[in-house]
Structure formats: C-alpha cells, structure tokens
2 protein chains.
Amino acid sequence: MPDKYNLELYKLKAELCKTFSDPKRLMIISELRSGEKSVGDLVEALGSPQSVVSRHLAILRSRGVVETRRDGVCIYYRLANSKIVDACDIVHQVLLDQISRNREIAEKLKV
Amino acid sequence: MPDKYNLELYKLKAELCKTFSDPKRLMIISELRSGEKSVGDLVEALGSPQSVVSRHLAILRSRGVVETRRDGVCIYYRLANSKIVDACDIVHQVLLDQISRNREIAEKLKV
DNA sequence: TTATTATATACGCATATATGCATATATACA
DNA sequence: TGTATATATGCATATATGCGTATATAATAA
C-alpha cells in the first residue's frame, strides 16, 4: 500500500528542502542567525551582485523561511522560524559525520 | 568580512539538502525508517518505475545518505545515519508550523 | 551454456534553476 | 518637481534535474 495519499505532504517537504539547497541561500540563513539584516548587509556579506541576493531572498520569502520589515528605504530580513536554525544545525551534524566517516575510510585505505 | 572561506562547506551542505529536495527521495527515506528494504520493496512502495527508483537510490548512495547490502540477487538499502531521520523530522516540524501559521492568517482574513 | 530475476545505467527530452545585465519600483530628501 | 539610494524584477542564457524507454550488468538456476 503506497503512501501516495501523502504525496502532497512530501512535495511540500521537498520544496522546503529545495529552499535550503543553494549555498548562497544557506549563507543568507547563516547571516540571519545573529539577527535581522538589510539587503545591502547581505549583499556585502555574500559578495554577490545585488540582483542575485534579492532573488534568493525572494525565494526564501515565498517559502516562508524569512520575513521582512521595511524601515525607510531599507528592508530588513529575519528568519521566520527558529526551527530553521535547528534544521541547518542537523544538516551540519550529518555533514560532519560524513566527513569523519570518510576520513576513517581514507585512514583504513592507507594501511 | 564575507565568509567566502566557508563557501565549500556551504556547497556541501547545499548538496546534502538537494538530496532531500525530491518527494520520491523523501518517500524512500521514510520507507527506510522502519528498516532496510530491497529495491523491489521500494519500487512497490513508491509505485514508480524501477529505473526511476534506482536512479533516486543512486543519488542517495552517492551522497552517503544510504548504504547497501547485497543478499543474493537482491540489494537491501538502509539509512546511513540516524540523524537523517532527525533532520527530516525537523523539516516536518517547520512545515507544520508554516501550515498552522498560514491557517491563522487565513482565519484573520475571514473576519 | 542459456534463461530468469533483480538492479543499474545510457540516451533523449522537457522542465526547472541560477545568473548577469538592464530596468522598474519605492522611499527619502532637496 | 527632480535626484539619489535601496530593493525588486524582466529577459536571455547556461546548466541541472527528473522522467521514460531501452539496454546493460550481476547473481542464480536449469
């Protein structure tokens, strides 16, 4: 009995993961961990053209990962949900596990 | 001071997230939560062509998310790291948060 | 050896994604 | 009004992704 009836849920989860599957978007999320930042701040932090950063922000916005606040001419971005930080941390953990595992394998091959 | 020096790390994280950003791969991971499964089992569970499932498994394999064991003709897949389950659970949580938040907004709009 | 079952992969196609450039929009100020 | 600054977006292009069909590989049995 395939869980096709959950397909829509899996699609939503996949879309959320897709939101995190770009290095620059992860860098943006990382920058926002310490608090809200303007687009200009993020442009500087990432060292990418403003149009590129703005479009990544649009993607993060459209998927509810970040929220905005306008103050005069500047628009400040912040993370919409603290659990996003947790998710990124776990991905970090998984990655570290993989790296150390690969290192072990490499060590064994040296013998 | 942009954290460009971490770019490679972000690329790796993004690739890992990309691995999770397909509904069928998430369904495979979900199936494997209850223990190892053969390719045939997964084909049946997903209701997708064998070639499609096999290709998704290849992606999961290449990124160290699953591991395999051959027993005769069959190849059994299992999750390589229990933290992957945690990561998926958090994504699930974030999604639920989003849904309930959207529901709140919808309620407010009705007034 | 041949046949059968289970799994993996090459190819072509359609669609999605990220990017850079240029331009549009929005706010503030003179 | 006009100008300057901050941000968003339209367009064209290059690359990546997922899919179906067909075929290749591996293990087992006859």
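By convention in this document, chain letters (A, B, ...) are assigned in the order of the sequence lines, proteins followed by strands, and residues within each chain are numbered from 1.
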Report task. With sequence neighbours left out, write down each residue that passes salt bridge (charged side-chain N to carboxylate O under 4.0 Å, His left out) with A:Asp41, or none if nothing qualifies. Result -> none
Report task. Let me know the distance between CD1 of B:Ile75 and P of C:dT5, rounded to the nearest Å. Result -> 17 Å
Query - Inter- and intrachain pairs under salt bridge (Lys or Arg N to Asp or Glu O under 4.0 Å), touching residues 18-30 of chain A, at least two apart - result: none
**Report entry** Minimum-distance pair of heavy atoms, taken over all atoms of A:Val94 and B:Lys83
**Finding:** CG2-CB, 3.7 Å
Report summary line: Separation of C:dA8 atom P from B:Leu57 atom CG, nearest Å, is 6 Å
Query - Short side-chain N/O contact to C:dA8 OP1/OP2 from B:Tyr77, under 4.0 Å - result: yes
Query - hbond_proxy A:Gln50 side chain to D:dA6 base (donor-acceptor, 3.5 Å cutoff) - result: no
Query raised in the report: So, do B:Leu57 and B:Tyr77 sit near enough that their side-chain heavy atoms are less than 4.5 Å apart?
Result: yes
Requested in this report: Applying salt bridge (charged side-chain N to carboxylate O under 4.0 Å, His left out), name anything that partners B:Glu67, two or more places apart in sequence or on another chain.
Outcome: A:Arg101, B:Arg78
**Report entry** Nucleotide-resolved protein contact map, nucleotides 25-30 of chain D, B/S/- at heavy-atom distance under 4.0 Å
**Finding:** -SSS--
**Report entry** Along DNA chain C (nearest heavy atom to each residue), the more 5'-positioned of B:Ser54 and A:Pro49
**Finding:** B:Ser54
Report task. Indicate, with a heavy-atom threshold strictly under 4.0 Å, whether A:Ser48 touches base, sugar-phosphate, or nothing. Result -> nothing
Taking N or O atoms only and anything under 3.5 Å, show me the protein contacts with nucleotides 1-3 of chain C, one pair per line.
none

Requested in this report: With rounding to the nearest 0.5 Å, note down the distance linking SG in B:Cys88 to CG in B:Leu95.
Outcome: 12.0 Å
Report summary line: Contact string for nucleotides 11-18 of chain D, one letter per nucleotide 5' to 3', B = base within protein heavy-atom range under 4.0 Å, S = sugar-phosphate only, - = neither, reads B-----SS
